[in-house]
Protein chains: 2
Amino acid sequence: MPLTSQLQTAGLRATPKRLAIGGLLFDGVDRHVTADDVADMARKAGIKVSLATVYNTLNQFVAAGILKRIILDTDRTYFDTNVSDHHHLFYETSGDLLDVPGDSLRIEGLPAAPEGARVRAVEVVIRMSGTPVSTGSTAG
Amino acid sequence: MPLTSQLQTAGLRATPKRLAIGGLLFDGVDRHVTADDVADMARKAGIKVSLATVYNTLNQFVAAGILKRIILDTDRTYFDTNVSDHHHLFYETSGDLLDVPGDSLRIEGLPAAPEGARVRAVEVVIRMSGTPVSTGSTAG
DNA sequence: AATTATTTTAGAACAATTCTACACTGGGCT
DNA sequence: AGCCCAGTGTAGAATTGTTCTAAAATAATT
């Protein structure tokens, strides 16, 4: 689905800033970015956008379901362009962050949700020390 | 092991403040607390301690391995008196936080750690919507 | 008691994020 | 084309959890 339609479905206008930021993020590659990363990417791409707008836009994308918030760290928020159910391998020393496909892990023994509650998500973070295999990884 | 020895093992003096904060936390009940919670508990118990000391002490306890940092949320850090391997059930609406024993979940398909890296921890957070069963839970 | 190392503290500093309040846009209407 | 106006974008202030700083207090050591 094109970004324009995704935005409209979520009740957001397909404005130039949103399309520009979306264009940086949704190019087919899975990315893990912080708001600052996005601001830098925009600056390098010659897109003039304020940090407030970066934050607003990322939050709107999350609300629209086209971006995912990942919680790994108390002092920065990562956003993931891969919105499918999946997990993360986090190299704490380097900050590298790799996706682990949701269906590659099988979790048994999950407690049943009590009456009136629902499992929204099951998130697995594998925290690693040392360094990842040296590939041009999907680093964060 | 008594707190005094645990502190000494970690190279920390068993000072009155540390013993007092430790006494509030390590009373046999598993607790999830924020720094603010601890400051409040101390105030209510008549222990005069600055917020800076609460932070210092909690961080030292984590370094000493007698307290665990849990990352669930970008805007506050939770500390867990249960330092064994285990997971969390987090009720996002109420903020309730329940422990899930480590051995009650079986995770299959974990990727092998590459050469030079090591799995430090596998953390599972089950995010729930709705409300937990009404017990006097180990809320956070 | 004097000396030295460690701890505690108040308050300043910091950094990520959100808020505020105003300026700007651009699509719909004549 | 020109006018509206709701929605959008922005700078800078505000907020908040946490850490830092530098000085005062305490504890250990001689």
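A, B, ... follow the sequence lines: proteins, then strands. Residue 1 opens every chain. Bear in mind that the values here come from a model prediction, so they are computed numbers and not experimental data.
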Looking at residues at least two apart in the chain, or sitting in another chain, which of them share a ring pair (Phe, Tyr, Trp, His ring centres under 6.0 Å) with B:His86?
B:His88
What residues form a ring pair (Phe, Tyr, Trp, His ring centres under 6.0 Å) with B:Phe90, not counting sequence neighbours?
none
Could you state the [atom1]-[atom2] distance from [X] to [N], rounded to the nearest angstrom?
| X | N | atom1 | atom2 | value |
| --- | --- | --- | --- | --- |
| A:Ile47 | D:dG9 | CD1 | C1' | 15 Å |
| A:Leu7 | C:dG27 | CG | P | 14 Å |
| A:Ile71 | C:dA16 | CD1 | P | 17 Å |
| B:Gln8 | C:dT6 | CD | P | 15 Å |
| A:Leu19 | D:dG7 | CG | P | 18 Å |
| B:Leu12 | C:dA5 | CG | C1' | 14 Å |
| B:Phe61 | C:dT7 | CZ | P | 12 Å |
| A:Asp73 | C:dA15 | CG | P | 15 Å |

Under 4.0 Å protein heavy-atom contacts per nucleotide of nucleotides 17-26 of chain C, with B for base, S for backbone only and - for none:
SBB-------
Would you please say whether a donor-acceptor pair under 3.5 Å links the side chains of B:Arg31 and B:Asn82?
no
According to salt bridge (Lys or Arg N to Asp or Glu O under 4.0 Å), who are the partners of A:Arg43, at least two apart in sequence or on a separate chain?
A:Asp40
Partners passing salt bridge (Lys or Arg N to Asp or Glu O under 4.0 Å) against A:Asp103 (at least two apart in sequence or in another chain)
none
Nearest to the side chain of A:Thr15 - D:dG9, C:dT9, C:dT7?
D:dG9
Could you tell me whether the phosphate oxygens of C:dT9, OP1 or OP2, come under 4.0 Å of any side-chain nitrogen or oxygen in B:Lys17?
yes
Just to confirm, is there a sub-4.0 Å distance from OP1 or OP2 of D:dG9 to any side-chain nitrogen or oxygen of A:Lys48?
no
With a 4.0 Å cut-off on heavy atoms, is B:Thr53 in touch with a base, just the backbone sugar-phosphate, or nothing at all?
base
Worked verdict on A:Phe61 versus A:Phe26 for ring-ring contact (aromatic ring centres under 6.0 Å, His included):
CA-CA 11 Å; A:Phe61 284 4; A:Phe26 308 119; 5.7 Å; yes
Contact list for residues 113-124 of chain A, test salt bridge (Lys or Arg N to Asp or Glu O under 4.0 Å), sequence neighbours left out
A:Arg120-B:Glu92, A:Glu123-B:Arg127
